[in-house]
Each structure stands twice: as C-alpha cells, then as structure tokens.
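Here is the structure we will look at, set down as structure tokens.
One-based numbering, in listed order, for ligands and for the atoms of each.
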Amino acid sequence: MSKPFVAILMGSHSDRDVMQHCQATCHSLGLASDMQVLSAHRTPAALSAYIKQATQNGCFAFIAAAGMAAHLAGSVAAQSTLPVIGVPLVASDLGGMDALLSTVQMPGGMPVACMAIGKAGAKNAAFFAAQIYAISNPDMRLRLQQQREHQAQAILKKTAH
Ligand code: RP5
C-alpha cells in the first residue's frame, strides 16, 4: 500500500464479526485500511514484523482489537510511536470488562486511545482514525462533517414519524 492507511489488527479470527463494522466504517468514509489477524500472545514475531512493514508502507495509525487479557493494543504501542486505538471485545464470561481494563490501563508514557467495548468501539475506532487523518486532510474533515449531518437527519426523520 502506498497511500496513507489505518491498520486494523485483531487478536483472533473469532473477533472478525465485530471488527467488520470497523472496516465497513472506514470504507464508508473513504479511509484506506488493511485488516489483519495478529496476536500479541500467539504470533508476537509476526506482529512485530507487520508493525515495521506497515509503518514503512504508509500506515498512519493502528487499531488493535482483542478480548480477554487484551494486550494487543499495548503491545503495538510498545513497538510504535504512531497513534494506537484500542478496542476491547467480549470474549469471555467477564463480558469485555477484562479486555477493557487490559486495554485502557496503560502505564504513563505509553498511550492507547481506548474505545467502548464491542461494536460501538469498533465503529468509533474507525471514526477516530479518520479524525486523526483529517487533521492534515480537508476532504476527510468534510466527509466527517457530512456523516454527522446524515446521522442527525436520520434520527430527526425517525422522530418525526
Ligand atoms: C484474544 O482472545 C482474541 O482477541 C479473542 O478475542 C480472544 C479469544 O480468542 P480465540 O480463543 O477465540 O481465538 O486474544
């Protein structure tokens, strides 16, 4: 990939159903993305190789989604100074609280921007990445404004009926 893109990483193939909402949101905004299954625990060497390769190829931010003892976002943050957006997922009887705390409680000097648990977090990760991209891209800023207007109109239209 040569144009700027956001890397969407998830810890397991079992995370795909939720994270497809992240990819779809990127697509709806015209934000290029590359989605990969890579685990902090199960494929650490492949994760490190991907971070290096993606950074060289135009990645401007990482989205990292995982459930249970969710160390993926923290592991990416430890290996890159690009922004890392974490998405905690439901994958155990703890309902995502395990992943939320694992993702959000980063030590000082090693930030992860943690979204909500599950589908809302998956979508918001894409919007947040688009907002980062929009800092230097006026077209994306306009698309984000239009998305907000469409969202508001859709709600008001339903309210009127
Ligand atoms: C995490 O463990 C993954 O992100 C997934 O949410 C969870 C369970 O993984 P599987 O056992 O379904 O592969 O690392």
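For ligand 1, the atoms sitting less than 4.0 Å from at least one non-hydrogen atom of Gly11 are 3 (C), 4 (O), numbered in the order shown with element in parentheses. Residue-ligand proximity, Ala66 to ligand 1, at heavy-atom distances under 4.0 Å covers atoms 4 (O). The Arg42 neighbourhood of ligand 1 comprises atoms 9 (O), 10 (P), 11 (O), 13 (O), with distances under 4.0 Å to a heavy atom of that residue.
Of the protein's heavy atoms, Ser14 OG, 2.7 Å lies nearest to atom 12 (O) of ligand 1. When only non-hydrogen protein atoms are considered, atom 14 (O) of ligand 1 lies nearest to Gly67 O, 4.1 Å. Looking at atom 6 (O) of ligand 1, its nearest protein heavy atom turns out to be Asp15 OD1, 2.6 Å.
Side-chain atoms of Gln79 come within 3.5 Å of backbone atoms of Ser75 as a donor-acceptor pair (strictly under, hydrogens ignored). In this structure, Asp15 contributes its side chain and Gly11 its backbone to a donor-acceptor pair below 3.5 Å. Judged purely by atom type and a 3.5 angstrom limit, Thr159 uses its side chain to pair as donor or acceptor with the backbone of Ile155.
For ligand 1, the polar-atom distance check finds no N/O of Ser39 at less than 3.5 Å from any of the ligand's N/O atoms. Where the criterion is an N or O separation shorter than 3.5 Å, residue side chain and backbone included, Ala91 fails it with respect to ligand 1.
Residues Phe5 and Leu47 share a hydrophobic cluster, clusters being chains of Ile/Leu/Val/Met/Phe/Trp/Tyr side chains in contact below 4.5 Å.
With contacts defined as side-chain heavy-atom distances shorter than 4.5 Å, the pair Tyr133/Leu144 does not qualify. When side chains are defined from C-beta on, Val6 does not count as touching Ile85, because their heavy atoms never get closer than 4.5 Å.
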